[in-house]
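None of these values were measured; they are calculated from a predicted model. Both counts, for ligands and for their atoms, begin at 1 and track the order of listing.
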Amino acid sequence: MKEYLKSHKLDHVSYDVRGPVPEEAARMEEQGIRILKLNIGNPAPFGLTAPEEIIHDMIMNLPDAEGYSDSKGLFSARKAIMQYHQLKGLPNLDIRHIYTGNGASEMISMSMQGLIDNGDEILVPSPDYPLWTACITLSGGKAVHYRLDEASDWNPDVEDIRRKVTDRTKAIVIINPNNPTGALYPKDVLEKIVQIAREHELILFSDEIYDRLVMDGAEHVSIASLAPDVCCITINGLSKSHRIAGFRVGWMVISGRKDHVKDYIAGLNILSSMRLCSNVPAQMIVQTALGGYQSSEELLVPGGRIYEQREITDRMVNEIPGLSEVRPKAAFYSFPKLDTEKFGITDDEQFCLDLLHEKRVLLVPGKGFHYPTPDHFRIVYLPRVEVLKEALHALGEFLDGYRQH
Ligand code: PLP
């Protein structure tokens with residue numbers, strides 16, 4: 001992979017499964033060393049498993065899931081997706097403009113492949129979920145990173161977005177709730193982003209895979225609900241909310257204004273039929289998953305696992321001298337800041353390697369999320385409280401006296 005990226009001049013593209021830190025962790029594991037993994041947003045291995053009803057539904061439907069479905073997906077699944085987003089206020093929905101995919105990942109990839117001509121620019125957050133930058137680059141486009149502002153709860157820096165729009169810009173991507181920061185964007189910030197898209201006729205992409213994992217009684221607002229006159233593509237899926245990342249089920253929904261994107265939609269239809277269809281057994285559970293009782297809610301309130309894991313992470317991180325973090329509001333990530341002067345840190349990847357070697361704790365450096373300065377890393381707080389305590393205690397011990405230079 002590294003060689004491929006290099007030979008295609010793509011070695012600036014990072015993806016969090018690549019790079020020396022996870023490779024070194026895998027090597028250590030092969031030697032029988034136990035690693036405390038705080039690096040991957042995959043709930044099931046941490047005992048956050050799928051609701052029984054979902055598994056039961058899939059078993060019941062399996063005998064009928066042998067064939068290909070319509071390339072955009074089963075009517076029943078797409079109807080349920082449509083109703084879900086209607087209830088969230090998305091305007092001008094049409095079942096013909098709803099596609100199921102093998103995870104949100106496939107939708108991100110397909111939506112960029114269909115959109116980008118060589119040299120087109122797409123505005124993407126920094127830090128980002130790195131798949132976005134990778135898909136833009138692999139489609140021949142240029143990911144132009146705009147700033148998420150730590151001092152303002154990690155909200156997008158709207159002025160930075162505005163400054164970076166050029167005549168090559170085609171779209172703005174937001175990730176809300178955000179990976180890796182755990183931020184949830186307020187309505188007024190979303191409205192300002194819509195205004196930029198409106199003024200420059202840009203498409204808005206909103207990755208909302210964590211929209212059902214919001215804490216503290218806050219409400220998730222879909223940017224598309226604020227933009228009836230802008231073409232919006234909302235991407236979502238069940239990997240996180242229903243803890244079934246391995247089943248591979250996601251979708252994308254086109255809403256709002258569509259008259260100027262007819263060719264793009266035609267391209268998406270071709271790309272959709274080229275892969276025949278997405279995983280059919282997984283499509284069969286979408287209706288059950290999105291309707292009725294939502295088991296994830298129990299995890300997000302005091303006493304619930306995700307809530308309590310956030311609490312312990314936030315408290316322990318902020319107690320470590322030289323570390324601070326903005327309290328995450330959603331998803332299961334935090335993106336702490338290192339005092340680089342105190343620790344003499346110039347390379348965040350080296351910091352993660354040193355921690356891995358000394359304490360056997362695996363984290364992803366900010367670099368993995370196209371963050372420009374070497375002073376951040378991501379914590380995935382999916383492990384149980386006891387494991388998080390052990391890992392964060394080890395992190396505190398490691399940083400006590402750490403000097404990179
Ligand atoms: N988007 C974001 C922001 C994510 O964090 C992830 C997975 O971590 C994905 C998309 C991919 O999700 P899926 O499993 O549906 O492909």
Side-chain angles (χ1 to χ4, degrees), residues 14-18 22 37-46 48-50 54 73 77 81 84 98-113 122 124-136 143 145 148 154 156 172-185 204-214 220 222-223 233-253 275 278-279 281-283 285-286 289-290 296 306 328-335 363-364 366 368-371 378-382:
S14 64
Y15 192 62
D16 64 0
V17 294
R18 192 175 67 94
K37 289 187 187 157
L38 274 56
N39 69 317
I40 280 195
N42 188 14
F46 296 101
L48 287 162
T49 48
I54 294 288
I81 292 164
Y84 177 75
I98 295 176
Y99 305 76
T100 64
N102 295 302
S105 303
E106 189 185 33
M107 302 285 84
I108 294 171
S109 165
M110 196 191 286
S111 65
M112 291 296 106
Q113 244 185 309
I122 310 289
V124 184
S126 163
D128 67 353
Y129 175 63
L131 180 64
W132 278 102
T133 298
C135 289
I136 292 162
H145 290 103
L148 301 182
W154 284 119
I172 305 173
V173 174
I174 68 165
I175 302 168
N176 177 37
N178 192 264
N179 176 10
T181 66
L184 175 71
Y185 298 161
L204 278 174
F205 287 85
S206 187
D207 180 341
E208 302 187 353
I209 191 138
Y210 299 101
D211 75 331
R212 290 174 298 283
L213 294 176
V214 169
H220 176 265
S222 281
I223 195 164
I233 310 228
T234 303
I235 294 179
N236 206 320
L238 301 180
S239 289
K240 317 291 176 170
S241 60
H242 291 75
R243 288 87 70 201
I244 48 171
F247 288 6
R248 310 310 296 131
V249 53
W251 58 85
M252 72 179 165
V253 173
R275 49 91 214 233
S278 70
N279 178 15
Q283 290 183 48
I285 56 177
V286 171
L290 290 181
S296 56
I306 295 181
K329 298 189 176 88
F332 31 67
Y333 306 107
S334 78
F335 199 57
L363 299 170
V364 181
F369 308 98
H370 300 101
Y371 200 66
R378 185 186 71 175
I379 295 178
V380 178
Y381 56 81
L382 281 173

| said: Checking Thr234 now: which residues fulfil side-chain hydrogen bond (donor to acceptor under 3.5 Å, both in side chains) with it, not counting sequence neighbours? | reply: none

| Under 3.5 Å donor-acceptor, Asp211 side chain and His220 backbone | no

| task | Measure the distance from atom 15 (O) of ligand 1 to every protein heavy atom, then report the residue, atom name and distance (to 0.1 Å) of the closest one. | result | Ala104 N, 2.6 Å

| Under-4.0 Å heavy-atom contact with ligand 1, by part of Ser105 that carries it | both

| task | Can you label the angle between the Phe335 ring and the Tyr371 ring as parallel, tilted or perpendicular, going by 30° and 60°? | result | perpendicular

| Between the main-chain N or O of Thr133 and the side-chain N or O of His370, is there a donor-acceptor pair closer than 3.5 Å? | no

| From the candidates Tyr333, Tyr210, Phe332, the one that places a heavy atom nearest atom 5 (O) of ligand 1 | Tyr210

| remark: The protein heavy atom nearest to atom 1 (N) of ligand 1 is Asp207 OD2, 2.6 Å

| Residue pair Ser222 / Glu208, side-chain donor-acceptor N/O under 3.5 Å | yes

| field | Per-atom contacts of ligand 1 with Ile175, taking only distances under 4.0 Å to non-hydrogen atoms | value | 3 (C)

| message | I'd like to know if the side chain of Ser278 pairs up with that of Thr100 as donor and acceptor (distance under 3.5 Å, no hydrogens or angles considered). | response | yes

| query | Side chains of Asp207 and Trp132: donor-acceptor distance under 3.5 Å anywhere? | reply | yes

| Minimum-distance protein heavy atom relative to atom 14 (O) of ligand 1 | Ser239 OG, 2.6 Å

| said: What I want to know is whether Trp132 and ligand 1 share at least one N or O pair that is separated by under 3.5 angstrom. | reply: no

| query | Hey, is Gly103 one of the residues with a heavy atom under 4.0 angstrom from ligand 1? | reply | yes

| query | Any idea which protein heavy atom is nearest atom 12 (O) of ligand 1, and the distance to it? | reply | Ile209 CD1, 3.5 Å

| message | Just to confirm my output: which protein heavy-atom neighbour is closest to atom 7 (C) of ligand 1, and how far is it? | response | Lys240 NZ, 2.9 Å

| Is the backbone of Thr49 close enough, under 3.5 Å, to the side chain of Arg243 for a donor and an acceptor to pair up by distance? | yes

| Interfacing atoms of ligand 1 (cut-off 4.0 Å, heavy-atom, Arg248) | 13 (P), 14 (O), 16 (O)

